[in-house]
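No hydrogens, no waters, no symmetry mates; every other heavy atom, side chains included, goes into these values.
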Amino acid sequence: MPKVILIDDEPLARSIVREYLAAFPELEVVAECNDGFEGVKAIQQHQPDLIFLDIQMPRINGFEMLELLTNPPLVIFTTAFDEFAMKAFETHAVDYLLKPFSPERFARAIEKWKATAQSTEPGTTAALLETASQSPLQRHRVVVRTGQKIRIIPVADIHYFEAADDFVKLHTSEGVFLKNRTLTYFENLLDKGQFARCHRSYLINIQQITRIDHHEKDSYVAVLISGAVIPVSRTGYARLKEVLGL
């Protein structure tokens, strides 16, 4: 029997989904969650076939929750209108239900999920996240996992990003955290007046720079408030000069 999890901070919204699901006895609701933190735990525990997920929730939003999962399940979003999110849904999501939605519209989403579950290619949800990640919702903080804990790191608190194989290291005053993203992803996402690519392996917070020193023939180093010394390539130096107005 396919397993379903409902994740929404509004009890009424969850109750409506549960009521509509009564018309589909072949689906089993194995958990209901008030927020993304509960959602991550429930998904890891139950390994559902489908989740109904709200986007705008307290603590972490729906996109951020999905990013914390190694193998995200198929998703039907239940959401208020968001122009950018709609682009992501239409491109990659199983379906999205715009609140309030009717039983008939809900039934069409279930039928679409059934068809998608049989034919979907691996990485469908990952592709959705890659599109949705460009939303302004995602530009002001980064959500990471450290063991069993989830941390929300404001972008302004990150001193610099460092490429590390398939991950990126986020260097902060509280330590170093790993995110399963690329440096190019963050370079494209973040405010270019706040973060600059100074080297192929480093993206630096402009506000953290105390000085830039000549290092070797065509290279430099940036010295940060923390004392960290970051390599700066020739092209990175030109970019920093432009951003800093030097």
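By the 6.0 Å contact criterion, CD on E111 is enclosed, its count of non-hydrogen atoms from other residues, nucleotides or ligands being greater than 12. Heavy-atom neighbours of D191 CG from other residues, nucleotides or ligands within 6.0 Å: above the threshold of 12. Other residues, nucleotides and ligands contribute over 12 non-hydrogen atoms within 6.0 Å of the CZ atom of R105. Applying the 6.0 Å contact sphere to CD of Q44 captures more than 12 heavy atoms from other residues, nucleotides or ligands.
Checked for salt-bridge contact, K114 and E26 meet the test: a charged N lies under 4.0 Å from a carboxylate O. A salt bridge links D35 with R59: at least one charged nitrogen is closer than 4.0 Å to a carboxylate oxygen.
In terms of hydrophobic clustering, with Ile, Leu, Val, Met, Phe, Trp and Tyr side chains grouped at heavy-atom distances under 4.5 Å, V243 and L240 are assigned to a common cluster. Using a 4.5 Å cut-off between side-chain heavy atoms of Ile, Leu, Val, Met, Phe, Trp and Tyr, with links allowed through other members, L178 and F186 fall into different hydrophobic clusters. Y202 and V223 fall into different hydrophobic clusters, defined by Ile, Leu, Val, Met, Phe, Trp and Tyr side-chain heavy atoms under 4.5 Å apart, directly or through other members. In the hydrophobic clustering of this structure, I152 groups with I55; members are Ile, Leu, Val, Met, Phe, Trp, Tyr whose side-chain heavy atoms approach within less than 4.5 Å, directly or through other members. Hydrophobic clustering places I230 together with L244 (ILVMFWY residues linked when any side-chain heavy atoms are closer than 4.5 Å, directly or through intermediates).
Residue L50 holds its CG atom at 10.5 Å from CG of D95, rounded to the nearest 0.5 Å. A distance of 6.5 Å separates CG of L224 from CD1 of I209, quoted to the nearest 0.5 Å. Distance check, rounded to the nearest 0.5 Å: NZ of K99 to OG1 of T78 gives 4.5 Å. Here the CG atom belonging to L12 is positioned 9.5 Å from the CD atom belonging to E19, to the nearest 0.5 angstrom. Considering CZ of R197 and CD1 of I204, their distance stands at 12.5 Å, rounded to 0.5 Å. Interatomic distance, CG of L53 versus CG of L97, reported as 11.5 Å (0.5 Å rounding).
Of all the heavy atoms in M57 and G36, the pair that sits closest is CE-N, 3.9 Å. The minimum heavy-atom distance linking V75 with P73 is given by the pair CG2-O, 3.3 Å.
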Task: F161/Y185 under side chain to side chain contact (heavy atoms under 4.5 Å, CB included): CA gap, chis, key distance, verdict - done: CA-CA 11 Å; F161 297 83; Y185 163 81; over 6 Å; no

Open item on the list: Does S233 form a side chain to side chain contact (heavy atoms under 4.5 Å, CB included) with R200? I'd like the steps, not just the answer.
Closed with: CA-CA 8 Å; S233 65; R200 65 180 182 179; over 6 Å; no

- [ ] Could you go through the side chain to side chain contact (heavy atoms under 4.5 Å, CB included) check for L21 and I110 one step at a time?
- [x] CA-CA 9 Å; L21 279 170; I110 292 294; 4.2 Å; yes

Open item on the list: Run the side chain to side chain contact (heavy atoms under 4.5 Å, CB included) test on D54 and D9 for me, step by step, so that the C-alpha distance in whole Å, both residues' side-chain angles and the decisive distance to 0.1 Å come before the verdict.
Closed with: CA-CA 8 Å; D54 189 18; D9 62 303; 3.4 Å; yes

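Counting heavy atoms from C-beta outward, W113 and L27 have side chains that approach closer than 4.5 Å. Between V168 and L183, some side-chain heavy-atom pair lies under the 4.5 Å cut-off. In this structure, L66 and I51 have side chains that are in contact, with non-hydrogen atoms separated by less than 4.5 Å. Put simply, the side chain of D49 does not reach to within 4.5 Å of the side chain of V4, judged on heavy atoms. Between L68 and I60, some side-chain heavy-atom pair lies under the 4.5 Å cut-off. No side-chain heavy atom of F52 sits less than 4.5 Å from a side-chain heavy atom of D8. Side-chain contact check for F195 versus I206: every heavy-atom pair is 4.5 Å or farther apart. Side-chain contact between I5 and I7 is present, with at least one heavy-atom pair separated by less than 4.5 Å.
Aromatic ring pairs are classed by plane angle as parallel below 30°, tilted from 30° to 60° and perpendicular above 60°; the pair Y160 and H171 is parallel. Ring orientation note: the planes of F24 and F106 are tilted relative to one another, at an angle of 30° to 60°.
Judged by distance alone, the side chain of N188 and the main-chain N or O of T184 form a donor-acceptor pair under 3.5 Å. In this structure, the side chain of E38 engages the main chain of N34 through a donor-acceptor pair within 3.5 Å. For the pair T116 (side chain) and K112 (backbone), a donor-acceptor distance under 3.5 Å is present. Q208 places no side-chain N or O within 3.5 Å of a backbone atom of N205 that could act as its donor or acceptor partner. Judged by distance alone, with hydrogens and angles left aside, the side-chain atoms of K192 form a donor-acceptor pair with the main-chain N or O of E187 at under 3.5 Å. Judged by distance alone, the side chain of T172 and the main-chain N or O of D157 form no donor-acceptor pair under 3.5 Å. Checked by atom type and distance alone, the side chain of K3 pairs as donor or acceptor with a backbone atom of H46 at under 3.5 Å. D165 places no side-chain N or O within donor-acceptor distance of the main-chain N or O of F167, the cut-off being under 3.5 Å.
Residues satisfying the salt bridge (charged side-chain N to carboxylate O under 4.0 Å, His left out) test with E28, not counting sequence neighbours, are none. For E32, the salt bridge (charged side-chain N to carboxylate O under 4.0 Å, His left out) partners two or more places apart in sequence, or in a different chain, are R14, R18.
Across R141, R145, K179, R151, a single residue satisfies salt bridge (Lys or Arg N to Asp or Glu O under 4.0 Å) together with E64, and that is R141.
For the pair R234 and Y237, the NZ or CZ position fails the cation-pi test of under 6.0 Å to the six-membered ring centre and within 45 degrees of the ring normal.
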